[in-house]
Novice: 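This structure is in structure tokens; I'll ask about it shortly.
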Amino acid sequence: MADQEQSFRVTCPDCDVDHEARTFDDSAAFVAKHREHTDHMMEWTRADFGLGLQPDPAWALTCETCAETWTFEGEGEALAFKQEHAEYTDHEIDDDPTREGVSADEDADVTAVIADLSEQFDDGVPEPLVVAHLGGDAAAARREIQKLKRQGTVFEPSPFRLAAV
Ligand SMILES: [Zn+2]
Ligand SMILES: [Zn+2]
């Protein structure tokens with residue numbers, strides 16, 4: 001069974017460690033131990049909860065001149081469209097494509113995402129899932145989650161599972 005893919009995979013951007021696990025909590029325990037021993041924060045490169053909850057990233061591009069917004073499935077497509085727009089119109093799009101999703105800047109959004117998903121996860125919502133749902137910059141989303149944990153609005157019933165107060 002060694003060649004069968006496990007549902008969860010974590011890799012460390014700071015060293016060569018990577019680890020596969022059958023359950024989210026096993027992978028979370030590994031991430032917590034790795035952080036304890038190395039201070040490295042690993043990333044979930046595979047997190048298949050089997051619930052179809054991973055949102056497809058959507059990219060939005062807005063032209064101020066046309067007052068129009070287009071959405072794309074990938075950043076590459078959006079960038080290509082931006083280039084084309086300059087070629088086929090008499091103006092350029094100034095803004096870069098943005099990843100659509102809830103903004104991680106507002107506290108309410110993080111807690112709302114957690115509250116929303118907690119209906120499906122009795123023991124706390126896996127953090128990578130919350131980050132994926134927030135969209136935008138994953139590092140910013142994690143900082144926001146840390147801030148809410150310090151404030152006590154969000155707590156961790158077990159490693160890398162989140163619940164809103
Ligand atoms: Zn590491
Ligand atoms: Zn335009």
Side-chain angles (χ1 to χ4, degrees), residues 1-49 53-54 56-105 110 121 123-150 154-162:
M1 297 283 272
D3 54 355
Q4 199 191 336
E5 275 200 350
Q6 310 243 17
S7 298
F8 297 89
R9 181 171 185 199
V10 286
T11 53
C12 182
D14 298 314
C15 66
D16 286 336
V17 169
D18 73 342
H19 179 77
E20 298 207 359
R22 214 171 288 279
T23 70
F24 175 74
D25 289 314
D26 285 348
S27 66
F30 191 93
V31 172
K33 276 289 174 197
H34 190 67
R35 186 173 57 180
E36 191 183 324
H37 286 271
T38 63
D39 232 9
H40 299 163
M41 182 55 208
M42 300 180 84
E43 310 259 349
W44 270 268
T45 48
R46 191 189 311 131
D48 181 4
F49 292 96
L53 282 172
Q54 299 275 51
D56 285 334
W59 291 82
L61 187 66
T62 303
C63 177
E64 304 275 339
T65 313
C66 299
E68 186 108 38
T69 299
W70 299 269
T71 52
F72 305 89
E73 277 180 15
E75 189 180 18
E77 258 179 68
L79 286 170
F81 188 88
K82 179 178 165 166
Q83 246 175 15
E84 270 188 17
H85 202 68
E87 199 178 325
Y88 293 107
T89 68
D90 62 356
H91 55 270
E92 290 184 15
I93 297 174
D94 292 327
D95 298 331
D96 285 323
T98 50
R99 195 138 153 219
E100 288 206 319
V102 187
S103 155
D105 295 331
V110 178
F121 295 94
D123 309 320
V125 184
E127 187 179 302
L129 210 51
V130 176
V131 170
H133 272 255
L134 287 167
D137 180 17
R142 273 194 220 102
R143 275 197 300 276
E144 185 64 25
I145 290 167
Q146 290 305 325
K147 194 182 92 189
L148 293 174
K149 275 198 266 185
R150 278 197 304 275
V154 164
F155 66 100
E156 230 176 1
S158 65
F160 300 102
R161 281 189 184 261
L162 303 170

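As the structure is a prediction and not an experimental result, all values here were calculated from the model. Numbering of ligands and ligand atoms starts at 1, following listing order.
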Novice: To the nearest 10 degrees, could you say what angle the Zn ion (ligand 2) makes with SG of Cys66 and SG of Cys63?
Specialist: 110°

Novice: For residues Pro159 and Phe24, report the shortest heavy-atom separation together with the two atoms involved.
Specialist: O-CE2, 4.4 Å

Novice: Main chain of Arg161, side chain of Ser158: is a donor-acceptor contact present, judged purely on distance under 3.5 Å?
Specialist: no

Novice: Show the numbers, then the answer: is there a salt bridge (Lys or Arg N to Asp or Glu O under 4.0 Å) between Asp95 and Lys82?
Specialist: CA-CA 9 Å; Asp95 298 331; Lys82 179 178 165 166; over 6 Å; no

Novice: Round to 10° and report the angle made at the Zn ion (ligand 1) by NE2 of His34 and SG of Cys15.
Specialist: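 With the Zn ion (ligand 1) as the vertex, NE2 (His34) and SG (Cys15) sit 110° apart.
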
Novice: Does CD belonging to Gln83 count more than 12 external heavy atoms closer than 6.0 Å?
Specialist: no

Novice: If I take the Zn ion (ligand 2) as the centre, what angle separates the NE2 atom of His85 from the NE2 atom of His91? Nearest 10 degrees is fine.
Specialist: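 Reported to 10°, the angle equals 100°.
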
Novice: By atom name, which N, O or S atom belonging to His40 lies closest to the Zn ion (ligand 1)?
Specialist: ND1

